[in-house]
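This one's a predicted model, so the numbers in the text were calculated from it and none came from an experiment. Labels below follow one simple rule: chain letters A, B, ... track the order of the sequence lines, proteins then strands, and each chain is numbered from 1.
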There are 2 protein chains.
Amino acid sequence: MSTRSDRISADERREQILDAAVAVFGEFGYAGTSTDRVARAAGISQPYVVRLFGTKEQLFIETLRHTLERLLATFRAALPVDAEEASVEQRLGEAYLRLVEDRGVLLTLLHGFMLGSDPGIGPVARDGFLQVFRMLRDEAGLAPEQIHRFLADGMLINTLLATGIGVDAATDRDAADLMECTFGERVGEVLARASA
Amino acid sequence: MSTRSDRISADERREQILDAAVAVFGEFGYAGTSTDRVARAAGISQPYVVRLFGTKEQLFIETLRHTLERLLATFRAALPVDAEEASVEQRLGEAYLRLVEDRGVLLTLLHGFMLGSDPGIGPVARDGFLQVFRMLRDEAGLAPEQIHRFLADGMLINTLLATGIGVDAATDRDAADLMECTFGERVGEVLARASA
DNA sequence: GTCTATACTAGGATAGAC
DNA sequence: GTCTATCCTAGTATAGAC
């Protein structure tokens with residue numbers, strides 16, 4: 001959460017603010033986030049955030065775009081075949097899990113998707129989702145049914161991580177079973193991260 | 001959205017308010033919803049909503065519980081074998097699609113799931129999700145891998161409906177393909193509902 | 001490039017009447 | 001059972017100085 005240092009370039013400052021914003025929007029959602037909270041997380045004053053981004057909506061839109069770009073970049077970095085015997089889907093899945101370990105990233109994306117009816121935010125969210133779809137089809141070379149599976153698994157993972165059912169898994173047998181049947185052999189790993 | 005009629009029993013009034021609340025919380029999210037908006041949707045005054053539910057958080061929690069119960073009830077009603085040759089999963093899937101046609105229901109559930117970190121709301125959301133899991137396992141008799149598929153598909157459906165990608169499908173070929181590869185032969189039906 | 005001061009609105013919750 | 005009036009806080013955005 002970016003430490004303060006006086007008088008840096010506006011571009012650098014924007015980056016700092018966006019990083020802070022991912023965490024804050026993720027935690028409190030779009031409506032629940034105040035520009036002041038983002039400002040404090042970035043170590044600057046509230047009016048300056050507004051000055052740089054215009055409105056809170058614009059700030060969220062840019063934060064969402066920023067996060068979607070990070071998602072795309074993460075997937076692209078996982079495309080080239082590695083030394084292991086992993087399939088494309090496995091490589092992409094691994095990369096995704098590592099990315100959404102950052103709860104801010106996970107929830108900023110989800111909050112964006114849920115604002116589909118918002119005239120300013122909806123189009124950005126849909127466009128981002130479609131870009132992922134195209135990437136899976138054109139760059140990863142997945143067939144329709146593979147895309148379907150990959151996305152569906154991803155959305156279930158999102159939900160389980162968002163609700164935090166993994167934390168219950170330590171004490172609740174059913175929660176553990178649910179995690180197990182979703183994450184398979186990777187449960188241990190995921191649960192370890194969840195409690196960390 | 002419940003029409004006003006003076007001096008009914010508190011219980012009836014609570015039901016009216018909960019119905020209104022599902023629609024409003026769905027549209028604006030937890031933080032984005034004002035108790036005043038819910039009150040107006042229910043045709044009563046804002047302080048009376050607070051009087052009946054204590055706090056906005058309590059109102060949301062009861063709204064979420066109410067919606068989760070409706071979900072469970074919908075699934076249970078779809079369990080008994082019907083005249084058609086449909087599998088349990090197909091019957092449950094059909095029932096689910098009809099339920100979440102109500103955007104308020106869909107989004108209230110999703111908003112609830114995303115508030116997993118909230119100390120008051122998180123436990124309710126997790127408990128609801130676990131109840132669904134148990135129902136699929138114990139009452140529908142699904143095997144772990146079937147549950148996994150069913151839930152994953154459901155979560156993808158949620159996301160596509162929430163973002164509103166179906167609306168884009170009319171003009172964007174990729175959006176149409178994405179809908180197709182998720183909903184299969186049921187696309188037409190879903191898209192027709194989406195535009196209605 | 002960044003701040004302080006501030007205007008203005010919205011919203012949760014309470015008091016108390018009917 | 002339900003309302004009106006009201007308090008108080010929080011939050012967006014602007015003006016203007018440094």
Ring pair (Phe, Tyr, Trp, His ring centres under 6.0 Å): which pairs involve residues 40-65 of chain A, sequence neighbours left out? A/F25-A/F60, A/Y30-A/F60
Grab the OH-P distance between A/Y48 and C/dT6 for me, whole Å please. 23 Å
Ion pair check, A/R91 and A/E84, cut-off under 4.0 Å: no
Please enumerate all residues that pass salt bridge (charged side-chain N to carboxylate O under 4.0 Å, His left out) together with A/E27, with sequence neighbours excluded. none
Within 6.0 angstrom of A/R37 CZ, more than 12 heavy atoms from elsewhere: no
Taking CD in B/E185 as the centre, count heavy atoms belonging to other residues, nucleotides or ligands within less than 6.0 Å. Is the count above 12? no
Selected nucleotide, minimal atom distance to A/I8 side chain, candidates C/dC3, C/dT2, D/dG1: C/dT2
Polar-atom pairs under 3.5 Å, protein N or O versus N or O of nucleotides 15-18 of chain D: list them with distances, or write none.
none

If the condition is salt bridge (charged side-chain N to carboxylate O under 4.0 Å, His left out), which residues does A/R137 pass it with, not counting sequence neighbours? B/D174, B/D177
Quick one: ring pair (Phe, Tyr, Trp, His ring centres under 6.0 Å) pairs with a partner in residues 106-128 of chain A, sequence neighbours left out? A/F113-A/F129
Rounded to the Å, how far apart are A/I17 CD1 and C/dG1 P? 11 Å
Value in whole Å for how far the C1' atom of C/dA10 lies from CZ of B/F28: 14 Å
To the nearest 0.5 Å, what is the distance between CG on B/L107 and CG on B/N158? 9.0 Å
Polar atoms only, N or O, under 3.5 Å: list the protein pairs with nucleotides 9-12 of chain D and their distances.
residue, atom, partner, partner atom, Å
D/dT12, OP1, A/T33, O, 3.2
D/dT12, OP1, A/T35, N, 3.4
D/dT12, OP1, A/K56, NZ, 3.4
D/dT12, OP2, A/T35, N, 2.8
D/dT12, OP2, A/T35, OG1, 2.8

Using whole Å, what does the distance between atom P of nucleotide C/dC3 and atom CG of A/D6 come to? 8 Å
Round to a whole Å and report the spacing from CD1 of A/I44 to C1' of C/dG1. 10 Å
Here the distance between atom C1' of D/dC3 and atom CZ of B/R40, to the nearest Å, is 16 Å
